[in-house]
Undergrad: 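One structure, as structure tokens, below. Some questions next.
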Amino acid sequence: MVRLVTEELAISIARRHMSEFGSNTQVLGCHITKTPDGELVWVAVIGSTNVIAENYVKGFIIIDATEPQMPPKILRNEFTVGEGLWWDHNVHFRSYMNDMMKSYGIAYITWDFTTNNTVYVVARYNVGFDLIKRYETPMVYDSQGNLYDQAETLSEVPYWITQVYDENWLEGMINEMGCFRRGEGFDYWAGGFLWIIPPSRDRFQMTEDTRYIVDPETNDVVALVCVNPVGNQRTLSGVFKATRNGIFFYDLREENYISGMTAEDFVEGRLPKPAAGMYDAEMPLLYPVETSPNEYRLAWYVPIYWREGTWEKDETIYLAGFAIVDAKEVSRIAITINEEGLTSEQLVRKTRLDFLKLFGIITYQELNATVLGKYEYVDEGTTHIILHLDNETYSWVEATPKDIPTPQWNELLATEPLDTVTVHIEKRGEKWIITYFDNWNI
């Protein structure tokens, strides 16, 4: 469930798979959402480079946000309205024509879970005579540009609308709150005035982008916004969590946590220089890590990318590794550079286990044993291989293609009774799962 794909990487992947839409096409927009199956994905909107001649959306490229190695899906679904189109086919202009009293922000593609149809959602807000920006429920269009019935209140917004707030509105309100914060309230003179009014020490500001992730507790898409004290981008002041039920602020000033920007710098400082291109740590996300039963620490999950070229020249980007940095003790850092055959899920798991070792936690057992028997079964289309080992404590171990890299899985397939093997095993429920495999006889 860990988000590993940035918007830049999603657009880079989409540009590699646009041939089905023909020549003279471009990415009109790219936004994150959730599929009816519950997967977090980026949806790249594809249209013509000449929108006056071809004034419609040609289709979409769907990129998995948690597994960048997975081939994207092509959805040939033409839309009358969309981002970057001309005149009333532009989804923002059409929204303005429908209601000129509102302001319109982010527009994105998602799915109506009740009908499984693709729809365009436009987030919005209004600016009152008091100049305060107030939330408004989103607008929804079908492929023909027809408007859905609008929800009147936040509680009436359908579950399949994943981003209920406009991103610019959310960030603007957070910065405004941080600019005027003093103690438990607000003060228009929080910035101070000459020597008469001292500046407030409670002010904060955004220095990182809003991150949309799937909340493991609710399986819903939420927005996370990290803020830093004004004038200090290296430490963390707090975190905003925007859900469909409201926007919540977690004050972390007294915890002495580092910021995501600082975590990026610590990761990049430990990376080797590649022969070509460069490594780039981006998109740090704050997650709790269970270091012992019912004890958690906050840590920064930091994807590592390799890039070459410049953004204007269609640079090549791919996921090159993953790192976890303790948010309080920066000496506790685990980094894994991607290995051949290692999936993104295995990459995250390996880094997490290495991070837990820094706290003295035994995350796996290493065994040298002889294979007494080998068995297999299929569960929901996935092959499971079970080994019977000559070890009294760990007699039965098993693995699937998701648990170990492809070369190790191939060795496991070729393993025969009486072979000598080295395995790393991890306890998951009632099973001991193989996370590393080496057959001495191959």
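Residue indices begin at 1 and follow the sequence shown.
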Undergrad: Can you find a heavy atom in the side chain of M206 that is under 4.5 Å from one in the side chain of D209?
TA: no
Undergrad: Okay, side chain of D64, backbone of P72: is any donor-acceptor separation there less than 3.5 Å?
TA: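 Checking the backbone N and O of P72 against the side chain of D64, no donor-acceptor pair under 3.5 Å is found.
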Undergrad: Over all heavy atoms of both residues, which pair between V164 and T243 is shortest? Give the atoms and the distance, please.
TA: CG2-O, 4.4 Å
Undergrad: Any donor-acceptor pair under 3.5 Å linking the side chain of D379 with the backbone of T382?
TA: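 Judged by distance alone, no pair lies under 3.5 Å.
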Undergrad: Do V5 and L319 come close enough that some side-chain heavy atom pair is under 4.5 Å?
TA: no
Undergrad: Is there side-chain contact between R211 and L286, with heavy atoms separated by less than 4.5 Å?
TA: no
Undergrad: So R181 and D251, salt bridge (Lys or Arg N to Asp or Glu O under 4.0 Å) or not? Walk me through it.
TA: CA-CA 12 Å; R181 191 169 187 234; D251 193 334; 3.2 Å; yes
Undergrad: Salt bridge check: are D326 and R297 linked by an N-O gap of less than 4.0 Å?
TA: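 A salt bridge is present here (some side-chain N lies under 4.0 Å from a carboxylate O).
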Undergrad: Is there a donor-acceptor contact under 3.5 Å from the side chain of S259 to the main chain of T262?
TA: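 Checked: pair present.
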Undergrad: Can you find a side-chain donor-acceptor pair between S344 and E67 that sits under 3.5 Å?
TA: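 Result is yes, a qualifying pair exists.
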Undergrad: State the CD1-NE2 distance between I433 and H384, to the nearest 0.5 angstrom.
TA: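 Separation between the atoms: 8.0 Å.
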Undergrad: Under the criterion ring pair (Phe, Tyr, Trp, His ring centres under 6.0 Å), which of W300, Y301, Y279, F355 is the partner of F322?
TA: Y301
Undergrad: If you compare all heavy atoms of R352 against all heavy atoms of I324, which two are closest, and at what distance to 0.1 Å?
TA: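 Heavy atoms of R352 and I324 come nearest at CA-CD1, 3.6 Å.
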Undergrad: State, with a plain yes or no, whether a side-chain heavy atom of D280 is found less than 4.5 Å away from one of I304.
TA: no
Undergrad: Ignoring hydrogens and angles, tell me if any N or O in the side chain of S200 forms a donor-acceptor pair with the backbone of D187 under 3.5 Å.
TA: no
Undergrad: Less than 4.5 Å apart, any side-chain heavy atom of T137 and any of E156?
TA: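 The answer is no; the side chains never approach within 4.5 Å.
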Undergrad: Counting only heavy atoms not in F266 (residues, nucleotides, ligands), do more than 12 fall under 6.0 Å from its CZ?
TA: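 No, because the 6.0 Å sphere around CZ of F266 holds 12 heavy atoms or fewer from other groups.
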Undergrad: I need the minimum non-hydrogen distance between V267 and A281, along with the two atoms involved.
TA: CG1-CB, 4.1 Å
Undergrad: Examine the side chains of D220 and T218 and answer whether a donor and an acceptor come within less than 3.5 Å of each other.
TA: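 Absent: no donor and acceptor within the cut-off.
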Undergrad: Which of parallel (below 30°), tilted (30 to 60°) and perpendicular (above 60°) describes W160 and Y148?
TA: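 It falls in the perpendicular class, over 60°.
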Undergrad: If only side-chain N and O atoms count, and only distance matters, is there a donor-acceptor pair under 3.5 Å linking N126 with E136?
TA: yes
Undergrad: Tell me whether the count of non-hydrogen atoms from other residues, nucleotides or ligands lying under 6.0 Å of NZ in K133 goes above 12.
TA: no
Undergrad: May I ask you to test the D202-R253 pair for a side-chain heavy-atom distance under 4.5 Å?
TA: yes
Undergrad: What verdict does the side-chain contact (heavy atoms from CB on, under 4.5 Å) test give for V45 and I109, after you've listed the backbone C-alpha separation in whole Å, the side-chain angles of each residue and the deciding distance to 0.1 Å?
TA: CA-CA 8 Å; V45 182; I109 286 289; 4.2 Å; yes
Undergrad: Could you tell me if the side chain of V27 sits less than 4.5 Å from the side chain of I46, heavy atoms only?
TA: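 Yes; the side chains approach each other to less than 4.5 Å.
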Undergrad: What do you reckon, is CE of M100 surrounded by more than 12 foreign heavy atoms closer than 6.0 Å?
TA: yes
Undergrad: If we ignore angles and hydrogens, is there a donor and acceptor under 3.5 Å between the side chains of Y159 and K34?
TA: yes
Undergrad: Is the gap between the ring centers of F180 and Y188 under 6.0 Å?
TA: yes
Undergrad: State, with a plain yes or no, whether a side-chain heavy atom of E78 is found less than 4.5 Å away from one of V57.
TA: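 Side chain of E78 against side chain of V57, heavy atoms only: no contact under 4.5 Å found.
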Undergrad: Please report the interatomic distance CD(E398) to CD1(I425), rounded to the nearest 0.5 Å.
TA: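 Between atom CD of E398 and atom CD1 of I425 there are 11.5 Å.
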Undergrad: Ignoring hydrogens and angles, tell me if any N or O in the side chain of R307 forms a donor-acceptor pair with the backbone of T316 under 3.5 Å.
TA: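 Pair absent, no side-chain N/O of R307 close to backbone of T316.
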Undergrad: Closest approach of E83 and H92, non-hydrogen atoms and distance?
TA: CG-CE1, 4.4 Å
Undergrad: Would you say the ring centroid of Y165 lies under 6.0 angstrom from that of Y135?
TA: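 Ring centres of Y135 and Y165 closer than 6.0 Å.
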Undergrad: Atom CG of D403 and atom CD of E426: how far apart are they, to the nearest 0.5 Å?
TA: 8.5 Å
Undergrad: Determine whether S95 and Y141 satisfy the following criterion, side chain to side chain donor-acceptor pair (under 3.5 Å), listing intermediate values before the conclusion.
TA: CA-CA 9 Å; S95 299; Y141 295 89; 2.9 Å; yes
Undergrad: Using a cut-off of 6.0 Å, state whether more than 12 heavy atoms not belonging to K357 lie near its atom NZ.
TA: yes
Undergrad: Could you walk me through whether M1 and N219 pass side-chain contact (heavy atoms from CB on, under 4.5 Å), step by step?
TA: CA-CA 10 Å; M1 297 177 70; N219 205 34; 4.1 Å; yes
Undergrad: Between the main-chain N or O of R203 and the side-chain N or O of R182, is there a donor-acceptor pair closer than 3.5 Å?
TA: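 No, the answer is negative, given that no donor and acceptor are paired below the 3.5 Å cut-off.
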Undergrad: Quick check: are there more than 12 heavy atoms from other residues, nucleotides or ligands sitting under 6.0 Å from CZ of R428?
TA: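 Enclosed.
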Undergrad: Test side-chain contact (heavy atoms from CB on, under 4.5 Å) on L224 and T210; report intermediate values, then the result.
TA: CA-CA 6 Å; L224 294 182; T210 302; over 6 Å; no
Undergrad: Using salt bridge (Lys or Arg N to Asp or Glu O under 4.0 Å), reason through K328 and E255 one step at a time and then give a plain yes or no.
TA: CA-CA 8 Å; K328 185 171 290 186; E255 300 298 331; 3.7 Å; yes
Undergrad: Compute the centroid of each ring, for Y104 and then for Y125, and state whether the two points are separated by less than 6.0 Å.
TA: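 No, ring centres 6.0 Å or more apart.
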Undergrad: Do the two ring centres, one from F240 and one from F249, sit under 6.0 Å apart?
TA: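 So the answer is yes for these two rings.
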Undergrad: Does either side chain, that of T114 or that of D112, offer a donor lying less than 3.5 Å from an acceptor on the other one?
TA: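 Result is yes, a qualifying pair exists.
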Undergrad: Give the minimum heavy-atom separation between A263 and V302, together with the two atoms involved.
TA: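 So the minimum-distance heavy-atom pair works out to CB-CG2, 4.3 Å.
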Undergrad: Any chance you could measure I258, atom CD1, to L298, atom CG, to the nearest 0.5 Å?
TA: 11.0 Å
Undergrad: Assess the residue pair D354 and L356 against the criterion (side-chain contact (heavy atoms from CB on, under 4.5 Å)); give the C-alpha distance rounded to whole Å, side-chain angles, the decisive distance to 0.1 Å, and a yes or no.
TA: CA-CA 5 Å; D354 290 341; L356 291 175; over 6 Å; no
Undergrad: Determine yes or no for a side-chain-to-main-chain donor-acceptor pair under 3.5 angstrom, with N228 supplying the side chain and T235 the backbone.
TA: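 Checking the backbone N and O of T235 against the side chain of N228, a donor-acceptor pair under 3.5 Å is found.
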Undergrad: Using 0.5 Å steps for rounding, measure from the CD1 atom of I13 to the OH atom of Y318.
TA: 13.0 Å
Undergrad: Rounded to the nearest 0.5 Å, what separation is found between the CD atom of E282 and the CD atom of E8?
TA: 5.5 Å
Undergrad: With no hydrogens and no angle check, is any side-chain donor or acceptor of R244 less than 3.5 Å from a backbone partner on P158?
TA: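 Indeed, once roles are kept as given, a pair shorter than 3.5 Å links the two residues.
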Undergrad: Over all heavy atoms of both residues, which pair between Q69 and L342 is shortest? Give the atoms and the distance, please.
TA: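 In terms of heavy atoms, the two residues are closest at NE2-O, 3.2 Å.
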Undergrad: Keeping Y108 on the side-chain end and Q163 on the backbone end, is there a donor-acceptor pair under 3.5 Å?
TA: yes
Undergrad: So, does K241 use its side chain to make a donor-acceptor pair with the main chain of Y250 at under 3.5 Å?
TA: no
